Engineer: 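Have a look at this one before I ask anything.
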Amino acid sequence: MLRLTELKLPLDHSPEALRQVVLDRLGISDADLLDLQVFRRGHDARKKNAIHLIYTLDVALRDEATVLRRFQGDAHVNPTPDMRYRFVGHAPAGETRRPLVIGAGPCGLLAALVLAQSGFRPIILERGKAVRERTKDTWGLWRRAELNPESNVQFGEGGAGTFSDGKLYSQIKDPQHHGRKVMEEFVKAGAPEEILYLSKPHIGTFRLVQMVEHMREEIERLGGEYRFSSRVTDLLVDIAPDGTRQMRGVALADGSVIESDHVVLAIGHSARDTFEVLRQRGVYMEAKPFSVGFRIEHPQRMINECRFGPFAGNKLLGAADYKLVHHGSDGRSVYSFCMCPGGTVVAAASEPGRVVTNGMSQYQRAERNANAAIVVGIEPERDYPGDVLAGVALQRRLEEAAFLAGGSNYHAPAQTVGDFLAGRPSTSLGEVVPSYKPGVTPTDLAAFMPDFVVRAIREALPAFDRQIRGFARPDAVLTGVETRTSSPVRIRRGADGQSLNTRGLFPAGEGAGYAGGILSAGVDGIKMAEAVARSMLGLGGEE
Ligand code: FAD
């Protein structure tokens, strides 16, 4: 097959137009075109009055070689790459060793699935509960202001992305097409097929819950085993006389021990107690940059109109998103993050006495507001120097201050953009009704955020308003705080996937600093499953 990229068609084109555009582009007759599949569909909305769909198509032709020769040097006509997934190997019959996977987020799930598909029968240790029970606990915080520290938006089957917008795109380099494997497994587990070809696919919360259950069934069918409410509280590391460190197993909160010399550590960015265990056990880690700020909410209609003009509301375009960056005068960048069109702001705390915001949506993205984090990049050397876990300490300080400012009842502190820019506390809100549950408390966000964050966001909002008219409208609402943008540490690994100083430990996913988002965490899980398989099979090779 041949892959044709950058084919442009009007938004309202007929189904036949797709075939015609291929015939015209390649200069071939209808009889020469044997098959046509859409590989990717996106849109170009830079000109609001002339929004186009942009296609990548795979075509089967009667004489591909001749056409390819004719288009030699044309970057948009190429052989379709082989994207099939290839396992690094399979467990030998009678293999009794079992790898452990700590964490059942997207990283751990994909690692466990690929290990199970390779015959390794992994044991998955998850501190939280199975996803249905977890859903009830998560709603407990949103509806009754009751936080369960082991079962919440961050912890439990499905990981941090379960109650989310389920955006499935990423800008990672993926030469081995692992992202395709993640998407195909998601579709097998019940995700809509369109995620395979939309340029910016999303799943929404309800479907994610079902998918996670289906993936569990498949892992168990292949011999894997889940243990919920099984928090890993210690790592058992053998230290040889020459100082070489080797994983021997893990201890759980109930006092039991599980032995294994291959452990995938996919704990996410919120497992602060587990980061502390890693530090105590001497696992090599570094502090890493992350970002802090607030969530902002606007009417979704305003974003649609600004982005799509007369095409706002078009079904193919869906609810509009945005991605904004401002390089501030003091050298710091302010950017939008995890934008959720037609969604809600969610309470995302995992520790008592702390408030954290994030965003989610349902598949239809039909809620009234658009929300996104507006965050400022911060760095260890400049903003939280010294201790490797100083970033965690900073996150905790800000989350505690937000809890207090919200009224010490898990309500989030909130402020209108107008008041925030004018430097006065909010005492009431305007037309934009904040969606955060259990509720918000109008206040002064600047009172507890570091000055440089406040200054940077005050500078950025008017700049963003020049790109999206109304972005800095006085009644847009900011809620706080947004602190869990990415992991505050990197648990470094070598080219073989193993911790730099602890053999048999495979740090993976967002918590280890190797992913940011559902798709990239899944890709990293596959890579680490391969690294484990290579090690268990005694094969060389690198991730
Ligand atoms: P996690 O998903 O964090 O999973 C880690 C798992 O490890 C958790 O289940 C946790 O309970 C478990 N664990 C931790 N410590 C231990 C321990 N000691 N013992 C046993 N188990 C342990 N990303 C997107 O790409 N698109 C989105 O739309 C999106 N929206 C989001 C919305 C919200 C509300 C949140 C919170 C996040 C969102 N994200 C989104 C980010 C995304 O969820 C994460 O990037 C992704 O889940 C990271 O995957 P992970 O497997 O590395 O870690």
Side-chain angles (χ1 to χ4, degrees), residues 100-112 123-131 134 138 142 149-172 182 200-205 208 212 226-235 250-253 258 263-278 295 321 337-341 343-350 356-361 365 371-373 482-487 507-525 528:
L100 302 182
V101 175
I102 310 178
C107 179
L109 269 181
L110 265 298
I123 300 174
I124 298 110
L125 302 171
E126 168 55 57
R127 70 192 296 162
K129 300 183 190 171
V131 69
R134 176 191 178 199
T138 305
W142 299 348
E150 293 299 324
S151 180
N152 48 56
V153 170
Q154 309 289 350
F155 296 157
E157 185 181 21
T162 311
F163 308 101
S164 81
D165 184 39
K167 284 179 282 296
L168 292 179
Y169 34 95
S170 154
Q171 289 168 342
I172 49 165
V182 175
K200 286 186 170 182
H202 74 282
I203 306 183
T205 284
L208 275 164
V212 162
Y226 273 72
R227 301 204 190 161
F228 292 113
S229 302
S230 295
R231 178 162 47 93
V232 170
T233 50
D234 206 355
L235 302 185
V250 301
L252 302 182
I258 306 182
V263 179
V264 177
L265 185 75
I267 54 177
H269 59 29
S270 291
R272 295 164 173 174
D273 50 354
T274 318
F275 291 152
E276 186 55 48
V277 169
L278 296 171
R295 275 269 143 185
D321 65 2
F337 175 76
C338 188
M339 196 266 156
C340 297
T344 49
V345 179
V346 294
S350 55
V356 185
T357 50
N358 210 307
M360 74 168 212
S361 72
R365 289 180 162 169
N371 74 72
E482 199 72 37
T483 45
R484 315 255 183 121
T485 47
S486 71
S487 185
E510 178 138 31
Y514 287 98
I518 297 168
L519 180 59
S520 61
V523 166
D524 203 53
M528 288 307 98

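Each ligand, and each atom within it, is numbered from 1 in the order the structure gives. All of these numbers come straight from a predicted model, not from anything done at the bench.
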Engineer: Less than 3.5 Å between some nitrogen or oxygen of His269 and one of ligand 1, yes or no?
Structural biologist: no
Engineer: At under 4.0 Å between heavy atoms, which part of Asn358 makes contact with ligand 1: side chain, backbone, both or neither?
Structural biologist: side chain
Engineer: What atoms of ligand 1 come within less than 4.0 Å of a heavy atom belonging to Arg231?
Structural biologist: 18 (N), 19 (N)
Engineer: Give a yes/no on ligand 1: does Ala266 have at least one heavy atom closer than 4.0 angstrom to it?
Structural biologist: yes
Engineer: Applying a 4.0 Å heavy-atom criterion (strictly less than), which segment of Cys338 is in contact with ligand 1: side chain, backbone, both, or neither?
Structural biologist: side chain
Engineer: Of the options Ile123, Leu100, Leu235, which is the one that meets Val263 in a side chain to side chain contact (heavy atoms under 4.5 Å, CB included)?
Structural biologist: Leu100
Engineer: With atoms numbered from 1 as shown, which atoms in ligand 1 lie under 4.0 angstrom from a non-hydrogen atom of Ser230?
Structural biologist: 19 (N), 20 (C)
Engineer: Examine distances only and state if a side-chain atom of Ser487 and a backbone atom of His269 form a donor-acceptor pair shorter than 3.5 Å.
Structural biologist: no
Engineer: Out of Ala160, Ala347, Gly158, whose heavy atom sits nearest atom 1 (P) of ligand 1?
Structural biologist: Ala160
Engineer: Under 3.5 Å, N or O to N or O, is Ala521 touching ligand 1 that way?
Structural biologist: no
Engineer: Mark up the atoms of ligand 1 that fall under 4.0 Å of a heavy atom belonging to Thr274, in ascending order.
Structural biologist: 15 (N), 17 (C), 18 (N)
Engineer: Please determine if Gly156 has a nitrogen or oxygen closer than 3.5 Å to a nitrogen or oxygen of ligand 1.
Structural biologist: yes
Engineer: Show which atoms of ligand 1 fall inside a sub-4.0 Å distance from at least one heavy-atom site of Leu125.
Structural biologist: 20 (C), 21 (N)
Engineer: Testing Val523, Asp524, Leu519 one by one against Ile172 for a side chain to side chain contact (heavy atoms under 4.5 Å, CB included), which residue passes?
Structural biologist: Val523
Engineer: Quick test: of every protein heavy atom, which one is nearest to atom 4 (O) of ligand 1, and how far off is it to 0.1 Å?
Structural biologist: Gly105 CA, 3.4 Å
Engineer: Only heavy atoms of Gly509, strictly under 4.0 Å: list the atoms of ligand 1 that pass.
Structural biologist: 52 (O)
Engineer: With a cutoff of 4.0 Å, is Met360 in contact with ligand 1, counting heavy atoms of the residue only?
Structural biologist: no
Engineer: With a cut-off of 4.0 Å, which atoms of ligand 1 are near a heavy atom of Gly359?
Structural biologist: 32 (C), 33 (C), 34 (C)
Engineer: Heavy-atom contacts under 4.0 Å between Ile267 and ligand 1: side chain, backbone, both, or neither?
Structural biologist: both
Engineer: Say whether Val346, considering both its backbone and side-chain N or O atoms, lies within less than 3.5 Å of an N or O atom on ligand 1.
Structural biologist: no
Engineer: Who's the nearest protein heavy-atom neighbour of atom 7 (O) of ligand 1, and how far?
Structural biologist: Gly103 CA, 3.2 Å
Engineer: Ignoring hydrogens and angles, tell me if any N or O in the side chain of Arg134 forms a donor-acceptor pair with the backbone of Phe155 under 3.5 Å.
Structural biologist: yes
Engineer: Checking a contact table here: which protein heavy atom is nearest atom 31 (C) of ligand 1, and how many Å away?
Structural biologist: Ser164 CB, 3.2 Å
Engineer: Run the contact test for Gly525 against ligand 1 with a 4.0 Å cut-off on heavy atoms, strictly below, and give the result.
Structural biologist: no
Engineer: Against ligand 1, does Glu150 come closer than 4.0 Å with any heavy atom?
Structural biologist: no
Engineer: Indicate yes or no: does an N/O atom of Ala508 lie under 3.5 Å from an N/O atom of ligand 1?
Structural biologist: no
Engineer: Give the residue and atom name of whichever protein heavy atom lies nearest to atom 9 (O) of ligand 1, and the separation in Å to one decimal.
Structural biologist: Glu126 OE1, 2.7 Å
Engineer: Considering Phe163, Tyr514, Phe155, which one's heavy-atom position lies nearest to atom 34 (C) of ligand 1?
Structural biologist: Phe163
Engineer: Could you tell me whether the side chain of Ser230 and the main chain of Arg127 form a donor-acceptor pair under 3.5 Å?
Structural biologist: no
Engineer: Please check: side-chain N/O of Gln154 versus main-chain N/O of Ser350, any donor-acceptor pairing under 3.5 Å?
Structural biologist: no
Engineer: Heavy atoms only, cut-off 4.0 Å: how does Thr233 contact ligand 1, side chain, backbone, both, or neither?
Structural biologist: neither
Engineer: Considering heavy atoms of the protein only, find what lies nearest to atom 16 (C) of ligand 1 and give residue, atom and distance to 0.1 Å.
Structural biologist: Arg127 CD, 3.5 Å
Engineer: Pick, from Val131, Val101, Val232, the option with the minimum heavy-atom distance to atom 19 (N) of ligand 1.
Structural biologist: Val232
Engineer: Which protein heavy atom lies closest to atom 50 (P) of ligand 1, and at what distance to 0.1 Å?
Structural biologist: Cys107 CB, 3.9 Å
